[in-house]
Amino acid sequence: MAETIIEVKNLHKQFGDNVILKDISISVEKGEVIVLIGPSGCGKSTFLRCLNGLEPIQGGSVTLHGEPVLYGKKSLTKIRQHIGMVFQSYDLFPHMTIAQNIALAPLKVQKRDKKEVEEETLKLLDRVGLAGKADSYPNELSGGQKQRAAIVRSLIIHPDIILLDEITAALDPEMVHEVLKVVLDLAKSGTTMMIVTHEMAFAKAVADRVIFLDGGEIVEEGTPDEFFDAPKTERAKQFLKTFTYSD
Amino acid sequence: MEGLKIVFEGNNFLRLLSGLWVTIRIALISIGFSLILGSLLGAAMRMKSKAVRAVCRAYLEIVRIMPQLVWLFIVFFGIVRTLGINLSGETSAIIVFTIWGTAEMGDLIRGGFESVPVHQYESSTSLGLTKFQAYIYVIFPQAIRLLIPNIINLSTRMIKTTALVSLIGVTEVLKVGKQIIDANRFEAPNAALWVYGTIFVMYFAVCFPLSMLSTAIEKKQKKLSA
């Protein structure tokens with residue numbers, strides 16, 4: 001039996017009267033890579049933010065290893081050490097070097113040994129092709145390099161799952177590839193991930209399961225082959241059509 | 001040239017220096033209080049309560065609208081005399097400059113914190129940092145970097161504005177200068193130029209290094225945030 005990392009049951013989310021997500025249920029197994037796709041404004045990013053308690057939810061539940069993720073509660077700090085998150089705008093801390101950015105959480109939150117953290121930082125930076133950048137400041141790096149550093153920053157806390165929120169959306173096209181290669185490499189090594197992306201080719205390559213969200217609900221769910229080659233619903237067909245330029 | 005001689009005659013120059021010290025003392029104490037109270041005001045202005053924010057806003061506007069000289073007169077001649085409390089001119093000056101400095105400092109500090117993007121806070125807490133840790137390691141250091149040049153600029157403004165306190169009888173550098181000129185009215189009719197010129201150089205010597213410092217920090221700042 002596979003081990004369930006995150007369990008979402010009947011999640012309901014609204015901003016004021018505006019319903020963003022309705023009745024979403026998903027469970028993520030260890031080692032699984034789930035890609036969320038859907039039109040802009042369909043609630044994909046909001047959904048990811050609900051998973052690590054950045055947004056309050058109005059109904060249903062989110063649990064990590066059976067522990068409830070509760071917005072604004074103290075227990076959240078502990079739960080978040082098991083959930084890595086990488087944002088579209090990288091959000092490295094500009095006043096710290098790359099190494100300091102990466103070491104902040106392991107040292108201050110997890111109270112790990114300084115030497116061990118330093119060694120792991122260098123090892124991970126090397127793994128994503130950023131060897132030699134440890135002492136640079138974020139503004140000295142390209143967008144793609146920053147995003148890879150941000151991935152390392154979430155990896156080093158050894159999370160059970162990593163949430164990637166449109167991590168290539170702000171990048172120049174030639175830099176998208178280098179970042180996605182890192183994510184593919186992570187997927188191969190068994191990292192559990194939930195990915196929001198607009199890169200369809202990448203989604204097809206990386207996903208174990210594709211979830212198509214539209215209008216705040218799960219419209220279709222399946223393996224990448226099923227979804228991309230033979231979508232069952234009309235809405236998914238329409239959506240996929242917008243990515244092809246032949247009629 | 002007898003004007004220049006007057007500046008260095010007897011203990012005149014020493015008197016000017018001790019007047020300058022009064023100026024600096026008033027400014028330093030007021031700046032110190034303003035920093036502490038301004039931090040509190042800045043924090044209050046970021047509170048969720050609309051009532052608290054409205055009160056802060058009103059305070060800020062009232063203080064800014066009125067010239068500092070009017071405040072000095074109100075405190076020194078008005079409130080103090082009416083209430084029968086005997087405050088020295090220097091104490092009144094410190095009160096007024098603290099009231100003003102707190103308003104300006106509070107607004108600067110509010111702006112400094114608001115300029116740190118909310119994403120910085122979210123990504124720090126996503127890493128498992130507590131709210132407190134996020135402020136200590138991520139938000140404060142960035143806000144302070146943005147704030148330091150502005151705080152230095154405000155400080156130079158406060159130092160310069162202390163010249164007004166001679167009008168409520170505080171013997172600061174300008175007042176000493178006037179005394180020296182008056183005492184030598186007949187021997188050296190052109191003393192004004194030299195005495196005030198000396199005071200000009202003194203103010204410059206105090207404020208210019210501060211202004212240089214603020215420019216230097218701002219430059220370094222730009223490099224980091226690009």
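Everything numeric in this text was worked out from a predicted model, so none of it was measured.
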Would you say that more than 12 heavy atoms from the other residues, nucleotides or ligands in this model lie under 6.0 Å from the CZ of B:Phe200, or not? no

Side chain / backbone / both / neither for A:Arg153 at chain B, heavy atoms under 4.5 Å: both

Closest non-hydrogen contact found for A:His95 with B:Pro141 is CD2-CB, 3.4 Å

Can you say whether A:Phe87 sits under 4.5 Å from chain B via the side chain, the backbone, both, or neither, judging by heavy atoms? side chain

CE (A:Met96) and CD (B:Gln142) are apart, to the nearest 0.5 Å, by 8.0 Å

If you draw a 6.0 Å radius around CG in A:Asp172, do more than 12 non-hydrogen atoms from other residues or ligands fall strictly inside? yes

Heavy atoms, side chains only, cut-off 4.5 Å: are A:Met85 and B:Ser123 in contact? no

Exceeds 12 heavy-atom contacts within 6.0 angstrom, atom CZ of B:Phe33: no

Measure the spacing between CZ of A:Arg80 and OG of B:Ser124 and express it to the nearest 0.5 Å. 10.0 Å

Checking A:Ile83 against chain B: side chain, backbone, both or neither under 4.5 Å from a heavy atom? backbone

For a 4.5 angstrom cut-off between non-hydrogen side-chain atoms, does A:Asp91 reach B:Glu122? no

Where A:Ala105 and B:Leu127 come nearest, the two heavy atoms and their spacing: CB-O, 3.7 Å

Could you tell me which of A:Leu163, A:Val109, A:Asn52 has the largest number of non-hydrogen atom pairs under 4.5 Å with chain B? A:Val109

Check this for me: B:Met212, atom CE, are more than 12 non-hydrogen atoms of other residues, nucleotides or ligands nearer than 6.0 Å? no

I'd like to know if the side chain of B:Gln120 and the backbone of A:Leu92 have a donor-acceptor N/O pair within less than 3.5 Å. yes

Please look at B:Gln133 and chain A and tell me whether the side chain, the backbone, both or neither of the residue comes under 4.5 angstrom of a heavy atom of that chain. side chain

Heavy-atom pair with the smallest gap, counting every atom of B:Tyr137 and A:Lys108: OH-CD, 3.2 Å

Engaged part of A:Ser89 at the chain B interface, taking heavy atoms whose separation is under 4.5 Å: side chain

Does CD in A:Gln58 sit with more than 12 non-hydrogen atoms of other residues, nucleotides or ligands closer than 6.0 Å? yes

When only pairs under 4.5 Å are counted, which of A:Leu104, A:Val86, A:Leu76, A:Ile157 shares the most heavy-atom pairs with chain B? A:Leu104

